Participant: 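There's a structure below that I have some questions on.
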Amino acid sequence: MTKTYKSVPVRSYEITPKETFLSRRDFIKAAGVVAGSVALAACAPKAGETTDSAMPDVTHTAGTDELGNPTNSFDQITNYNNFYEFSTNKEAVASLARDFNPTPWTVEVTGMVNNPKTYGIEDLLSMFTQEERIYRLRCVEAWSMVIPWNGFPLASLLNEVEPTSDAKYVRFESVYRPEEMKGQSSPFYPWPYQEGLRIDEAMNDLAILATGLYGEMMPNQDGAPIRLVVPWKYGFKSIKSIVKIELTDQMPSTLWSTVAPNEYGFYANVNPNVDHPRWSQASERRIGELSRRETLMFNGYGDQVAYLYEGMDLKENY
Ligand SMILES: Nc1nc2c(c(=O)[nH]1)N[C@H]1C(S)=C(S)[C@@H](COP(=O)(O)O)O[C@H]1N2
Ligand SMILES: [Mo]
């Protein structure tokens, strides 16, 4: 399931017309060519050779998760989005995010670390092996998808900067660009979006920084160019378009717990036994399916993460 791919710091839509971006993979298949880029044109591999391509062999991505659930389509994943910086309308995010320009991009890693550093997105793409991780994403609004992400463990980056022994939490901050993100004009939300994890949660191998999906660079609407994915927690923890990561000894405030502290807590682990005031969490609607599915404790990742919460009252979980 895990594979590596070579990334280039060039976005798909910079090298293909916007109209063809969404269907680029089909185009590549139909044309029988291997994905290349302007940067790689001089050493483009022959048709059929994917090893040196900027894009992985897409046939590997059309799979299932470890429970046998089929992945949602690229179309579903990129046209039904929660990204309040652009819009509260999930179907409007894709078009409103089209002109967002995530290059150049840097991520500042700071706070209680021995080696604070600002990384260019191209550094993060080349320093760390980009793996595919097929994860379920469960929104607190009780819908879900199965998404084939590309990315690398958050722990790999944290190990580079070496948190000090005082660091207990990791705080994440999204980009603030009200000119490009019209939703940030809304006075109802304390921008920029921020989120946090306890450091042992952040070091868990399931927690990744995702840089793409379906082998494409991350689409704008899904949090270009880099976002967190913590699949055992409700979707709102998986903060998009990250510009800053700060190690701290204080539990970070989060956008949602600031807006509605009675509805959203810090941990936000998926838990079918604890209802949200407005949504039962017992079951969920998988996008593209007709009947509802039962929601799984920790979204089905209990074997990997339950140890993190031993002795905690899981009713306090969100
Ligand atoms: N910066 C930022 N990150 C965010 C959000 C947001 O509005 N802004 N929405 C969250 C919510 S509620 C969910 S369910 C997921 C949705 O991710 P997707 O649109 O890629 O499926 O992103 C999360 N990350
Ligand atoms: Mo969500």
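In this chain, numbering begins with 1 at the start of the sequence shown. Counting starts at 1 for both ligands and their atoms, following the listed order. Keep in mind that this is a model prediction, so the values were computed, not measured.
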Participant: By number and element, which atoms of ligand 1 are closer than 4.0 Å to a non-hydrogen atom of Asn81?
Facilitator: 18 (P), 19 (O), 20 (O)
Participant: Please confirm whether the ring centroid of Tyr193 lies under 6.0 Å from the ring centroid of Phe172.
Facilitator: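 Judged by ring-centre distance (under 6.0 Å), Tyr193 and Phe172 do not meet the cut-off.
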Participant: Quick check: Trp256 with Tyr234 (ring centres under 6.0 Å apart)?
Facilitator: no
Participant: Can you tell me which residue and heavy atom of the protein come closest to atom 15 (C) of ligand 1, and the distance to 0.1 Å?
Facilitator: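 For atom 15 (C) of ligand 1, the nearest protein heavy atom comes out as Gly235 O, 3.6 Å.
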Participant: What atoms in ligand 1 come closer than 4.0 Å to a heavy atom of Cys139?
Facilitator: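 Selected atoms, number and element: 14 (S).
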Participant: Relative to ligand 1, is Tyr193 under 4.0 angstrom through side chain, backbone, both or neither, heavy atoms considered?
Facilitator: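 The side chain, only.
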Participant: Considering non-hydrogen atoms of the protein only, which is the closest contact for atom 8 (N) of ligand 1, and what is the distance?
Facilitator: Glu85 OE1, 2.8 Å
Participant: To the nearest 0.1 Å, how far is atom 21 (O) of ligand 1 from its closest protein heavy atom, and which atom is that?
Facilitator: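 Result for atom 21 (O) of ligand 1: Leu137 CD2, 3.4 Å.
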Participant: Considering only heavy atoms, does Ile77 approach ligand 1 within less than 4.0 Å through its side chain, its backbone, both, or neither?
Facilitator: neither
Participant: Is the NZ or CZ atom of Arg133 both under 6.0 Å from the centre of the six-membered ring of Phe152 and within 45° of that ring's axis?
Facilitator: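 That pair does not qualify as a cation-pi contact.
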Participant: Give a yes or no on whether the ring-centroid distance for Trp143 and Tyr80 is below 6.0 angstrom.
Facilitator: yes
Participant: Compute the ring centroids of Phe86 and Phe83, then answer whether they are less than 6.0 Å apart.
Facilitator: yes
Participant: What's the verdict on salt bridge (Lys or Arg N to Asp or Glu O under 4.0 Å) for Glu289 and Arg293, showing C-alpha distance, side-chain angles and the deciding distance?
Facilitator: CA-CA 9 Å; Glu289 292 183 357; Arg293 288 172 174 258; 2.8 Å; yes
Participant: Mark up the atoms of ligand 1 that fall under 4.0 Å of a heavy atom belonging to Tyr84, in ascending order.
Facilitator: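 Numbered from 1, ligand 1 contributes 6 (C), 7 (O).
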Participant: For ligand 1, which atoms have a heavy atom of Asp222 less than 4.0 angstrom away?
Facilitator: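 This gives 18 (P), 20 (O) as the contact atoms.
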Participant: So among Leu124, Ile245, Thr106, Ile226, which one has a side-chain contact (heavy atoms from CB on, under 4.5 Å) with Tyr119?
Facilitator: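 For Tyr119, the side-chain contact (heavy atoms from CB on, under 4.5 Å) test succeeds with only one of Leu124, Ile245, Thr106, Ile226, which is Leu124.
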Participant: Do you reckon Leu67 sits in the same ILVMFWY cluster as Leu137, going by side-chain contacts under 4.5 Å, direct or chained?
Facilitator: no
Participant: Where on Arg227 is there a heavy atom closer than 4.0 Å to ligand 1, on the side chain, on the backbone, on both, or on neither?
Facilitator: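 Side chain only.
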Participant: Give me the residue, atom name and distance of the protein heavy atom closest to atom 19 (O) of ligand 1.
Facilitator: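 Ranked first by proximity to atom 19 (O) of ligand 1 is Lys240 NZ, 2.7 Å.
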Participant: Per the side-chain contact (heavy atoms from CB on, under 4.5 Å) rule, which among Tyr189, Tyr264, Phe236 passes with Leu255?
Facilitator: Tyr189
Participant: Can you find a non-hydrogen atom of Ser238 under 4.0 Å from ligand 1?
Facilitator: yes
Participant: Tell me, yes or no, whether the heavy-atom count around Tyr307 atom OH, taken from other residues, nucleotides or ligands under 6.0 Å, exceeds 12.
Facilitator: yes
Participant: Should you measure from each heavy atom of Ser174, which atoms of ligand 1 turn up under 4.0 Å away?
Facilitator: 1 (N)
Participant: Got an N/O contact under 3.5 Å between Asn82 and ligand 1?
Facilitator: yes
Participant: For Ile239, take its heavy atoms, then give the atoms of ligand 1 lying under 4.0 Å from any of them.
Facilitator: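 Under 4.0 Å from Ile239, ligand 1 has these atoms: 3 (N), 24 (N).
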